[in-house]
Amino acid sequence: MDQETPQEKPLYQRIYAMVRQIPYGKVTTYGSIARLVGGCTARMVGYALAALKNVHEGDEVPWQRVINAQGKISSFGDGFGSAIQRQLLEMEGVRFNSEGRVDFAEVGWLTEKS
DNA sequence: AGATTGACTGCAT
DNA sequence: CATGCAGCCAATC
């Protein structure tokens with residue numbers, strides 16, 4: 001599977017590590033993580049998280065704290081994922097406004113654009 | 001080795 | 001404000 005240089009971890013691992021750095025009760029966007037990791041784009045982050053279900057480490061990655069730039073949750077899985085993700089965030093104390101979006105000024109993690 | 005896809009984003013219409 | 005399209009680059013078939 002991953003026979004690349006053992007010194008450098010796969011792009012996935014790098015993204016997972018970054019997602020794990022998200023503090024409790026905070027959320028961030030795909031684009032922000034992509035920029036923090038560097039060298040990858042929002043699509044890479046989404047692709048990496050999508051593969052989480054195939055990765056063993058996915059169990060400890062707070063993927064629910066990663067949402068899209070619109071402050072909303074992206075639909076994935078069979079359509080249940082988004083519903084589950086919202087509950088997970090609310091369980092952590094993340095508030096959703098009437099539009100179903102989160103307040104980045106309140107729970108946004110490194111969401112500032114340079 | 002080539003084509004397809006994807007939990008996104010930003011701009012254009 | 002809703003919809004569409006192109007760009008992004010790696011993983012999978």
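Letters A, B, ... are given to chains in the order of the sequence lines, protein chains preceding strands, and every chain is numbered from 1.
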(request) Return the nearest nucleotide to the side chain of A:Ala42; candidates are B:dT9, B:dA7, C:dA11. (result) B:dT9
(request) Working to the nearest 0.5 Å, report the span between OG1 of A:Thr111 and CD1 of A:Ile33. (result) 11.5 Å
Polar atom pairs between nucleotides 5-9 of chain C and protein, under 3.5 Å, N or O only, would you list them?
unit_1, atom_1, unit_2, atom_2, d
C:dG7, O6, A:Arg43, NH1, 2.6
C:dG7, N1, A:Arg43, NH1, 3.1

(request) Check each residue of residues 63-74 of chain A for a non-hydrogen atom within less than 4.0 Å of any atom in DNA chain B, then write out the ones that pass by number, or none. (result) A:Trp63, A:Asn68, A:Ala69, A:Ser74
(message) I need the CG-P distance between A:Leu49 and B:dG6, as an integer number of Å.
(response) 16 Å
(request) Using the six-membered ring for Trp and the full ring for Phe, Tyr or His, decide whether A:Tyr47 stacks on the six-membered base ring of B:dG6 (centres under 5.5 Å, planes under 30°). (result) no
Could you go through residues 42-62 of chain A and list every donor-acceptor pair under 3.5 Å that involves a side-chain atom there, pairing it with any protein atom two or more places apart or in another chain?
unit_1, atom_1, unit_2, atom_2, d
A:Lys53, NZ, A:Ala50, O, 3.4
A:Glu57, OE1, A:Arg20, NH2, 2.5
A:Glu57, OE2, A:Gln13, NE2, 2.8

(request) To the nearest Å, give me how far apart CZ (A:Arg14) and C1' (C:dA11) are. (result) 18 Å
(message) Going by the rule side chain to side chain contact (heavy atoms under 4.5 Å, CB included), which residues pair with A:Ile84 if we only count those two or more places apart in sequence or in a different chain?
(response) A:Phe80, A:Leu88
(message) Under the rule for side-chain hydrogen bond (donor to acceptor under 3.5 Å, both in side chains), what residues qualify as partners of A:Thr28, not counting sequence neighbours?
(response) none
(request) Not counting sequence neighbours, which residues clear side-chain hydrogen bond (donor to acceptor under 3.5 Å, both in side chains) with A:Gln64? List them please. (result) A:Glu92
(request) Starting at atom OH of A:Tyr16, determine the distance to atom P of C:dA10, rounded to an integer number of angstrom. (result) 15 Å
(request) Could you work out the complete set of other residues in the hydrophobic cluster of A:Ile67, with links drawn between I, L, V, M, F, W and Y side chains under 4.5 Å apart? (result) A:Val27, A:Ile73, A:Leu89, A:Val94, A:Phe96, A:Val102, A:Phe104, A:Val107
(request) Please list all pairs passing the ring pair (Phe, Tyr, Trp, His ring centres under 6.0 Å) test where one or both residues lie in residues 18-42 of chain A, with sequence neighbours left out. (result) none
(request) Give the rounded distance in Å between these two atoms: CG of A:Leu89 and C1' of B:dA7. (result) 13 Å
(request) Measure the distance from OH on A:Tyr30 to P on C:dA10 and round it to the nearest whole Å. (result) 19 Å
(request) Look up atom CG in A:Asn68 and atom CZ in A:Arg101, then write down how far apart they are to the nearest 0.5 Å. (result) 9.5 Å
(request) Using atom CG of A:Leu52 as one end and atom P of B:dG6 as the other, report the distance to the nearest whole Å. (result) 17 Å
(message) Suppose we screen for ring pair (Phe, Tyr, Trp, His ring centres under 6.0 Å). Which residues come up paired with A:Trp63, at least two apart in sequence or across chains?
(response) A:Phe76
(request) Take atom CZ of A:Phe76 and atom C1' of B:dC8, then tell me their distance rounded to the nearest Å. (result) 14 Å
(message) Over all strands shown, is A:Ser82 touching base, sugar-phosphate only, or nothing at heavy-atom distances under 4.0 angstrom?
(response) nothing
